[in-house]
Amino acid sequence: MENVCVITDFEEITATRRFDKVETPAALEGYSVYVGGNFIFIKNARQMTVRFHLPNFGSKITAEGLQNWIERIKRLYPNF
């Protein structure tokens, strides 16, 4: 996980760029996951979005990987 940052205007960005929405596992309801270019975006139920990229990122996102990313984000940003 590199270049982790909070995006405050994600809704505005989505109007000008194309992102692919990834299906979120049932255990992680309340989170939305998007992929665009080399970046992964995770948005929570309060509309807070975190952007990051991974070295050697493939297009496959697993439930376990998503859970690990969310746990790491919560350590960095406890309010997420």
Side-chain angles (χ1 to χ4, degrees):
M1 209 176 208
E2 298 177 3
N3 274 345
V4 178
C5 66
V6 174
I7 305 290
T8 58
D9 60 348
F10 185 69
E11 297 301 323
E12 293 177 26
I13 294 171
T14 58
T16 60
R17 296 190 181 134
R18 183 178 176 275
F19 297 99
D20 296 322
K21 188 171 183 178
V22 177
E23 187 174 332
T24 307
L28 297 172
E29 294 170 350
Y31 293 97
S32 298
V33 181
Y34 300 86
V35 177
N38 294 329
F39 290 100
I40 300 165
F41 300 84
I42 299 178
K43 183 168 71 169
N44 66 13
R46 295 181 312 201
Q47 306 304 313
M48 182 183 234
T49 305
V50 173
R51 180 195 78 185
F52 61 94
H53 77 87
L54 299 169
N56 304 321
F57 171 64
S59 60
K60 180 134 174 106
I61 297 176
T62 64
E64 181 181 345
L66 184 55
Q67 180 67 43
N68 289 337
W69 298 335
I70 291 171
E71 288 173 8
R72 288 184 69 189
I73 291 167
K74 285 183 177 181
R75 283 195 297 270
L76 291 170
Y77 304 103
N79 291 331
F80 189 76

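Nearest approach of Lys43 to Phe80, heavy atoms of both residues: C-CZ, 4.4 Å. In terms of heavy-atom proximity, Val50 sits nearest to Val4 at CG1-CG1, 3.8 Å. Of all non-hydrogen atoms in Pro25 and Leu66, the two that sit nearest each other are CD-CD2, 3.6 Å.
Between Phe39 atom CZ and Leu54 atom CG the span is 11.0 Å, to the nearest 0.5 Å. Here the CZ atom belonging to Phe52 is positioned 12.5 Å from the CG atom belonging to Asn38, to the nearest 0.5 angstrom. A distance of 9.0 Å separates CG in Leu28 from CD1 in Ile42, rounded to the nearest 0.5 Å. Atoms OG and CD, from Ser32 and Gln47 in turn, are 7.5 Å apart once rounded to the nearest 0.5 Å.
Residues Ile40 and Ile13 do not share a hydrophobic cluster, clusters being chains of Ile/Leu/Val/Met/Phe/Trp/Tyr side chains in contact below 4.5 Å. In the hydrophobic cluster analysis, where Ile, Leu, Val, Met, Phe, Trp and Tyr join through side-chain heavy atoms closer than 4.5 angstrom, Tyr31 is grouped together with Met48. Note on Val6 and Leu76: same hydrophobic cluster, where clusters join Ile, Leu, Val, Met, Phe, Trp and Tyr whose side-chain heavy atoms are under 4.5 Å apart, directly or indirectly. Connection of Ile73 to Val35 is established within a shared hydrophobic cluster, with ILVMFWY side chains joined at heavy-atom distances below 4.5 Å, either directly or through further cluster members.
Legend: residues meeting ring-ring contact (aromatic ring centres under 6.0 Å, His included) with Phe41, ordered by chain and number and at least two apart, are Phe10, Phe19.
The number of heavy atoms from other shown groups lying within 6.0 Å of CD (Glu12) does not exceed 12. Counted within 6.0 Å of CD on Glu64, heavy atoms from surrounding residues, nucleotides or ligands total 12 or fewer; the atom is thus considered open.
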